[in-house]
Amino acid sequence: MTRLLLPILYLFLPLTAVGQVSVRIFAQSRPVTVIFTTESGEYLLDDGNPGTLHLLPGETVAVTRYNDDVVYRTLSGTYGKADSLSFEPVTGNALCRLRAPGSIEQDKRLDGALRIKSFPGSLLVLNITSVESYLPGVVRAEAGKYGPADYFKAQAVVARTYIYRNIGRHALDGYNLCDDTHCQVYPGIIDDSVITGACHVTSGEVLVDRDSMLIVAAFHGNCGGLTASSADVWLAAYPYLVSVNDPWCSFSASSEWRKSLPESEWHKFLTMKGIQYGEESALYSASGGTPVRTAGRMAGGKTVSSEELRSYFGLRSGYFAITSAGDSIIVTGRGYGHGVGLCQDGAKHMAEKNMSYDRITGFYYPGTTITDIKNARRPLKP
Ligand SMILES: [Zn+2]
Ligand SMILES: [Zn+2]
């Protein structure tokens with residue numbers, strides 16, 4: 001019994017150790033071939049057969065899926081077939097470039113180790129690295145390129161909290177997180193010194209609630225002056241994802257918008273909802289059409305949720321007013337995104353006004369505190 005269990009424990013423990021993360025690379029395009037190039041430092045290539053191959057700077061290895069195996073060929077002429085391939089860095093400065101030929105995904109520069117094996121229909125490419133060296137790329141992809149240091153510090157703490165809370169998200173697939181929007185977009189190693197600095201000075205810091213539990217660190221582009229409660233948007237209530245008045249984001253161009261809906265589309269929607277002609281007037285806002293944040297609106301005994309309207313008509317947010325203007329329907333709204341948690345435009349503006357990152361996170365996630373990951377607890381289910 002012990003002999004059966006030991007190899008399994010050995011396989012899973014290193015992947016869930018605090019500080020380390022395994023990320024599926026090219027999760028969106030799922031290529032059948034990848035090209036590995038040593039950019040700096042040196043790697044050892046292990047194909048499971050006796051002996052390893054030393055990869056010097058500039059060395060290139062093409063890896064292709066071949067049924068349940070992978071085949072590889074180096075620029076210098078070595079080739080082989082294996083169950084799985086492992087690229088282990090042997091110098092501290094080891095950095096590689098990974099390319100997926102024929103894919104729309106850009107090349108990625110990666111540190112740490114790589115494991116490549118066959119997966120149904122594609123290659124499974126895993127990057128095993130540290131949370132702290134994975135974080136800057138995530139922050140740039142999720143938070144943008146420009147902003148003051150404390151904005152990026154707040155985003156670093158938020159993204160790190162997301163990573164640790166969701167580290168079991170792909171446990172059934174044999175890794176921690178993917179590099180696509182399903183988890184957090186990871187473009188690879190970046191050079192931006194403001195972002196890498198913001199990650200470095202907040203190293204290990206995460207957001208927890210009053211029970212020391214890692215929070216659901218939701219964020220969005222612009223709340224339009226009032227954030228949304230998660231209970232209204234996702235039907236899941238958290239004491240720190242409540243509606244907050246936000247005076248910091250109204251300067252932004254995306255804080256106000258207007259959309260005209262063709263009457264035919266509007267009637268198609270009402271018919272789908274079972275709302276009779278004439279009953280829909282209950283959905284229209286009073287004169288002036290001031291946007292409201294509400295979980296839903298009632299018409300003819302039917303509830304129409306704001307999120308339903310947002311996704312059906314591709315509205316920029318769930319914070320809006322509906323008015324009838326003769327032969328068209330006008331939706332007037334505020335903000336961009338789901339509106340829950342940290343408002344990025346507001347957070348950026350707070351940082352521009354010299355407010356510190358912990359004040360920013362405390363404002364958007366009331367009742368939470370920043371602590372080291374060593375003191376945080378993780379729920380069994382993300
Ligand atoms: Zn994912
Ligand atoms: Zn806002």
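It should be emphasised that the depicted structure is a prediction, and the values quoted were computed from it without experimental measurement.
There is no side-chain donor-acceptor pair under 3.5 Å between Q344 and E142. No hydrogens or angles considered: a donor-acceptor pair under 3.5 Å links the side chains of T129 and D111. N176 and S22 share a side-chain donor-acceptor pair at under 3.5 Å. A donor-acceptor contact closer than 3.5 angstrom is absent between the side chains of S243 and R293. Checked by atom type, the side-chain pair N93/T91 shows a donor-acceptor distance below 3.5 Å.
A perpendicular orientation is assigned to the rings of W234 and H338, their planes being inclined by more than 60° (bins at 30° and 60°).
Contact check on E308 versus K273 returns a salt bridge, with a Lys/Arg side-chain nitrogen under 4.0 Å from an Asp/Glu carboxylate oxygen. The pair R109-D191 counts as a salt bridge, with a side-chain nitrogen and a carboxylate oxygen less than 4.0 angstrom apart. The pair E256-R316 does not meet the salt-bridge criterion, since no charged nitrogen lies less than 4.0 angstrom from a carboxylate oxygen. Between D345 and K348, no side-chain nitrogen of the basic residue sits less than 4.0 Å from a carboxylate oxygen of the acidic one, so the salt-bridge criterion is not met.
Counting heavy atoms from C-beta on, the side chains of Y365 and F219 come closer than 4.5 Å.
Residues P247 and S250 come closest through the heavy atom pair O-OG, 4.2 Å.
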